[in-house]
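Let me begin by presenting the structure, written as structure tokens, before commenting on it.
Residue numbers start at 1 and run along the sequence shown.
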Amino acid sequence: MLSLSYRVFTNDLWFYKVCPKVLFTLLAWCVSFIADAQELEVNFDVPEVKMDQNGFGFNRIFIKNSSQKKIDFRIKSPKISGFQLISSFDNATVSVAPGSEKILPVRFSISPSTFRPEGRVMFLFIPDNGAVQINAGFKISVPEIRSWMAEFESENISFVQGNELDIGLRIYNRGNVVELFRISSESRQFPSLEGVIELLVPAKSDSTVYFHLAPGQTRGNKYNRGELKVDVADERGANMTLIANIQKTGSEIFQHHTKWYSLPLELGFQYVGAGRRGGSYYFNAVGSTPITKDESLSVTVRNQLFGTGNNKNNIYNLGYQYKNWSVMAGSIIKFSDFLVNGTGIQISNLGMNQQYHKVSLSKSKHAGHWQLDYEGRLAVSDKLFAETRLFSNMGGKDVSNNVLLNHSIGYQANEKWSIQGKLGVSKNFPEFDLGYLYGYNFRFNSDKYLLESEMSNYSANYIGINGGHLSHRHRIQAHWSDILFGAFYNQMARYQQNLDSLNGISQQSVMFSEFGFRIQGLEWGRYRFSSSLVRERQQFGGSESQPVVSDVWTGTVAYSNESRAIRMGMDQRLFYSFFPGGFEQKVFSYSNQFNSTFRNFGFNGSFSFGPRFYNEMVYGLEQGIEQKRYRLAPHYQWQGKKGKVVYNSTHLEFFHEESNFDRTMLLFRNSMKMNLERLKLSFSLSVSVDLLEVENRFVNLKLNRPLLLKSYGISKYHQLKLILFKDENGNGVKDIGEEGVRDGFVLINDRLGLTDNNGELTYRNVEKGAFEIDLKHLNSLQGWRSAKGYRMDLFLSQNETVYVPFEKSRFIIGKVNVVSDETSSGLFNPYGLRVKATSKSGEVRQTVVDKDGEFGFNLTKGEYIISLEVAAIPAEGYSLEKMNIAVDLVRNEKAMVDFVIRKAEREIRIRKLN
């Protein structure tokens, strides 16, 4: 609240006696003035106004008249550069009735580029009765407006061989702050772009930087075609990536430089040696390449050159993939119910909703029999699915013929729970030896709870590695915050099997079960804890054998300090084992595992006392041995710089064991990888040596180098030829004498080409597939327009020639002129303004003003309204003389359109000097 008051003091009493009339008149006027001034209060609603993004602000004036008569006054707004009052009370007379209050809205605008507030913006209130003027005001807070864009002067750059080339990059700063831009590029074609260019652009200004290629740098084939990528970033980190297509002027563009595909291979030499047996030497070659968007080719070779062992594990594969289908011929190796290691063919298909099918037929390298293997998954619906497995050995002399068939059906109700049941049979021929399988799987999983139950039972005569196995797996878990509570029961059993009845080879029955409780996720500072309590039962040799029962407590603690690169962990177990059923033997066992790392250093180890398994407990009790184990393994890892040693890891491990058999080892292990970029060679060496027994050693050496292999005859590319011509008679066919559209830029799948004097452009060595032809750069071809539109789509599967006729059209040539008086400066650049052509039917065509202020339209016969975008024209000081211009292309084949943007004259004040 602003309040002004004035007082008069005097001690000159003689003045009253000399001129009482004058004194009375003067006092009456002063009292009147004091009363008026004391009762006039001026206040602004807010002390500080924050401008909006468009430069507009609003405040209110509260004027209170506490006197007994009306007060008239005028308000004068401040004369500050960039400040403009929109409210209409400037310099007008305002009246406030006695004892009343008046509120005046204050609307104003500023020009962020020229407005520089210093302190408060003060308004002047001038009473008409001659009283003292009053100053009151408020502060203006101008928001920081950061808005800019960048673009190449031309996105499609063509140059003539041997001529110099300049590429212009223009930055438009439309904000109200000065911006510092950093311009960089990974392109090595332009020496001027090596490193980073810094460019300072003032507020509301434009600036251009040029990249230059000298004539000597444009000779030869090095810069025939390519793509220039430039990154522009401001100090805040906001950035734009600009791409310009560059190529030497010509009528040929290439997708591939050769009509044959190159297969990138990784060639390798490997040595593997262990113990006294010497070593084996291998040659490896692995590579794959896309043939088309939907096709790929792969090669895998692993061949033993010489050394110990045999060549039955050599691998030779040739693979071909088309969309979701793949075919592989050569070595077929699988590990499932049976070991498949043979030569044959495999066909696979991957579908939607996790559907797949995979079938292989191969001849075994070892026994010489044929093996058929199929597995697949079929989605019956979104929730119901079926899985099938079929396997068969056929035609073997030393191996029985057999067949295995497994089938399961599952139901996925939702993301939380699912259930699946499975059945299977197997049969040996010619004897009727039938095996079976049955089982189920149930799972419920929510954010807080997990319930899972699974069972599989294979009969003893079921063929394959799973024959005679029974397994149960059941668990329940609950989450509370980050802590997990769980209970579980697991059982694994294997029935006794006769593996070879002729030679009396059998497999002993085994049973192992456990149930217990666990807790995980306990935290205290940087420490994390987990614990479990389990009862285990182990039994060998059938139901008549003596089982062993163990109560096991496990506790784990982990520590992590990422800021100092420190990690530690410890896992300890306490066993209490006994023989149930009257035996008095009871054994306590303890084991501890620990590890720690600090930066590149670390160590891990373990120690244990007492038996851990059934056979150890029985043997220890029979022989009176107390089992002991110690292990300590420090290690060191480090990485080198790029191009030198990339990685090295060194381990030293000491191990001592006193159990069923005694042994002591001191192992040295080292793994090293090198990457020699100049030689394009990678090297790796892994060594493991027992320093107490040198014969116990292992060496793995690999040398790899990339190589491009020409795959002649595998796939041939195609050729796409475009012929653009002016169709004088409008029949859509290129007749003799009809002129080609020369020197026209055409984009084919975003690759830029330039038509020759005959209007021809050839895209060579292209893959079959979809192509998009974009003729947008020919939109302003004066008097001619594409009869097929400016975008065409086609699918190419063979060599093809496409004719593109251009029909005669009506044409509009336009220009945007920015004019001003001789005292104005810094004219607005109309480059980039949008221009619309609207037909009577409402169809709208658009184009933009080029850097010369010109624009053009190719249109059909009709009447049009041509309009210029107004929103992008600065509001301060600029006005468009005519927004819409009518054009008649019915009577005229072409028309000229001129828009005029005029800048207002600047006010010039002349002060006369005495």
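Judged purely by distance below 3.5 Å, without hydrogens or angles, the side chains of Asn402 and Asn393 pair a donor atom with an acceptor atom. The closest side-chain donor-acceptor pair between Ser649 and His651 falls under 3.5 angstrom. The closest side-chain donor-acceptor pair between Arg302 and Gln270 falls under 3.5 angstrom.
You'll find the side chain of Val272 reaches within 4.5 Å of the side chain of Phe698, heavy atoms only. Contact of the Glu375 side chain with the Tyr356 side chain is registered, since non-hydrogen atoms from C-beta on lie closer than 4.5 Å.
Between Glu387 and Arg377 there is a salt bridge, since a side-chain N of the basic residue sits under 4.0 Å from a carboxylate O of the acidic one. Salt bridge present: Arg389 and Asp373 bring a charged side-chain N and a carboxylate O closer than 4.0 Å.
Within the 3.5 Å criterion, the main-chain N or O of Glu616 finds a donor-acceptor partner in the side chain of Gln627. No donor-acceptor distance shorter than 3.5 angstrom exists from the side chain of Ser360 to the backbone of Ile345, with no hydrogens or angles considered. Under a 3.5 Å cut-off, the side chain of Asn799 and the backbone N or O of Gln719 do form a donor-acceptor pair. Checked by atom type and distance alone, the side chain of Ser331 pairs as donor or acceptor with a backbone atom of Tyr316 at under 3.5 Å.
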Pair Glu800-Lys721, salt bridge (Lys or Arg N to Asp or Glu O under 4.0 Å): steps then yes or no: CA-CA 6 Å; Glu800 191 167 341; Lys721 186 175 183 179; over 6 Å; no
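To the nearest 0.5 Å, atom CZ of residue Phe603 and atom CZ of residue Phe594 are 6.5 Å apart.
Within a 6.0 Å sphere centred on NZ of Lys422, other residues, nucleotides and ligands contribute more than 12 heavy atoms.
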